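A short worksheet on the structure shown next.
Note that this is a predicted model, so its numbers are computed, not measured. In the text below, chain A, chain B and the rest are named by the order of the sequence lines, each starting its count at 1.
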Amino acid sequence: MPELPEVETVVRRLRPEMVGRAFAQVRVTWPRTVATGADQLCRTLPGWRVAALERRGKFLLFALARATAGRAVPGDGGEPAGALLIHLRMTGRLNVEPPGAPAGRFTRVAFDLDDGRALHFDDVRKFGRVFLVPQAEAVTGMLGPEPLAEDFTLAAFRRLLVGRARQLKPLLLDQTFLAGLGNIYADEVLYRARLHPLRRTDTLTPEETRRLHRAIRDTLRKAIEHHGTSFDWAYAGGNYQELLNVYDRAGQPCPRCGTPVVRTVVGQRGTYYCPECQARASR
DNA sequence: CCACCGTCCTGGCTGC
DNA sequence: TGCAGCCAGGACGGTG
């Protein structure tokens with residue numbers, strides 16, 4: 001499922017195709033996909049140009065500007081459109097289709113572009129969401145910091161943990177704590193940091209906190225580096241697994257010590273870890 | 001403040 | 001071979 005590295009990969013792939021393009025007609029085949037209202041999206045988006053495409057957490061963020069007057073500020077003067085945001089959730093995919101391409105079986109929203117092509121939002125499970133808002137912050141305002149941002153330092157991470165007493169796994173999945181980690185990378189981060197998923201933040205030693213901070217950044221950076229290829233494999237059902245140390249590897253040997261990887265459920269989520277490397281108590 | 005549960009969805013898997 | 005039933009999982013809202 002798309003987490004920060006996958007979304008980053010999609011953004012990098014789409015950016016050269018989308019920036020500068022203007023939206024024409026929008027077609028919605030599953031209205032609930034559009035969290036801010038399908039009718040409003042279809043009415044409002046045509047005529048807006050993509051000024052920039054960024055990632056915030058697991059959101060794709062299309063910053064909009066008026067297609068005609070280059071000076072218009074999105075969201076200014078009560079303008080109804082300013083930012084288009086898309087969250088892929090479990091199975092969402094975005095592709096730029098050539099002119100005349102028909103909507104696929106799972107296409108939920110089709111955005112026609114001014115060059116005749118179309119951006120298709122396909123989503124088998126219909127969990128993905130599209131937002132059109134005057135200000136992106138209306139959607140992203142609740143998110144915690146970007147784990148790969150320069151200012152997400154060890155000191156900043158320590159400050160984030162002050163006064164909290166939470167299990168590590170649910171904490172890493174909490175987007176208001178930190179933006180971008182999902183179930184796969186949360187497990188991979190904890191494996192790399194050699195910390196048990198149920199360890200509580202208030203029991204971490206300074207050294208363990210340092211390891212966790214480093215593991216978050218290293219795991220995500222490495223995943224982004226490798227995602228030119230692995231992302232496609234994941235969706236093609238290929239051996240995406242080869243990049244993963246513990247996720248979905250129950251019973252297989254830990255790459256570090258050979259102990260069989262264990263699967264449990266933490267906070268309703270399948271959770272994989274090495275019972276030897278990630279012992280419950282600190283050591 | 002924190003944990004836990006139900007909801008949304010459907011392809012793919014399991015088991016008979 | 002066919003099919004019923006279950007599962008995964010991100011985010012959110014409600015409850016304890």
side-chain N/O A:R105 vs B:dG11 OP1/OP2, d < 4.0 Å
yes

Touch class at under 4.0 angstrom, heavy-atom based, for A:G267 against every strand present
nothing

Taken to the nearest whole Å, CG/A:L173 to P/B:dA3 is 12 Å

Assess, by modelled atom type and distance only, whether the side chains of A:T9 and A:R13 contain a donor and an acceptor separated by less than 3.5 Å.
no

Side-chain contact check for A:R166: nearest option of B:dA3, B:dC5, B:dG11 is B:dA3

What nucleic acid atoms does A:R164 come within less than 4.0 Å of, heavy atoms only: base, sugar-phosphate, or nothing?
sugar-phosphate

Length of the CZ-P vector between A:R32 and B:dC8, whole Å:
7 Å

Step by step, would you call A:E208 with A:R194 a salt bridge (Lys or Arg N to Asp or Glu O under 4.0 Å)?
CA-CA 8 Å; A:E208 287 171 332; A:R194 284 176 282 135; over 6 Å; no

Taking the side chain of A:F106 as heavy atoms from C-beta outward, which of B:dC8, B:dC5, B:dG11 is closest to it?
B:dG11

Whole Å only: how far is the NZ atom of A:K126 from the P atom of B:dT7?
18 Å

Describe the nucleic acid contact of A:R108 in one word from base, sugar-phosphate, nothing, applying a heavy-atom distance below 4.0 Å.
nothing

Measure the distance from NE2 on A:H87 to P on B:dC9 and round it to the nearest whole Å.
16 Å

By the 4.0 Å heavy-atom rule, please label A:Q167 as base, sugar-phosphate, or nothing.
sugar-phosphate

Using distance alone, with no hydrogens and no angle criterion, decide if A:T219 and A:R192 have a side-chain donor and acceptor under 3.5 Å apart.
yes

Do A:L94 and A:V96 belong together in a cluster built from hydrophobic side chains that touch within less than 4.5 Å?
yes

Tell me whether the side-chain N/O atoms of A:Q268 come closer than 4.0 Å to OP1 or OP2 in B:dC4.
no

Within the structure, does a side-chain N or O atom of A:R89 lie under 4.0 Å from either OP1 or OP2 of B:dC9?
no

If the test is side-chain hydrogen bond (donor to acceptor under 3.5 Å, both in side chains), which one of A:R269, A:K169, A:E188 qualifies with A:N183?
A:K169

Footprint ends on DNA chain C, 5' to 3', for atoms under 4.0 angstrom from a heavy atom of chain A, come out as C:dA8 to C:dA11

I'd like to know whether CZ of A:R214 has more than 12 heavy-atom contacts from other residues, nucleotides or ligands below 6.0 angstrom.
no

May I have the distance from A:F127 (atom CZ) to B:dT10 (atom C1'), rounded to whole angstrom?
8 Å

Nearest-nucleotide 5' precedence on DNA chain B, A:R269 against A:G163:
A:G163

Measure the distance from CG on A:L198 to P on B:dA3 and round it to the nearest whole Å.
10 Å

Lys NZ or Arg CZ of A:R164 over A:F177 ring: under 6.0 Å, within 45°
no

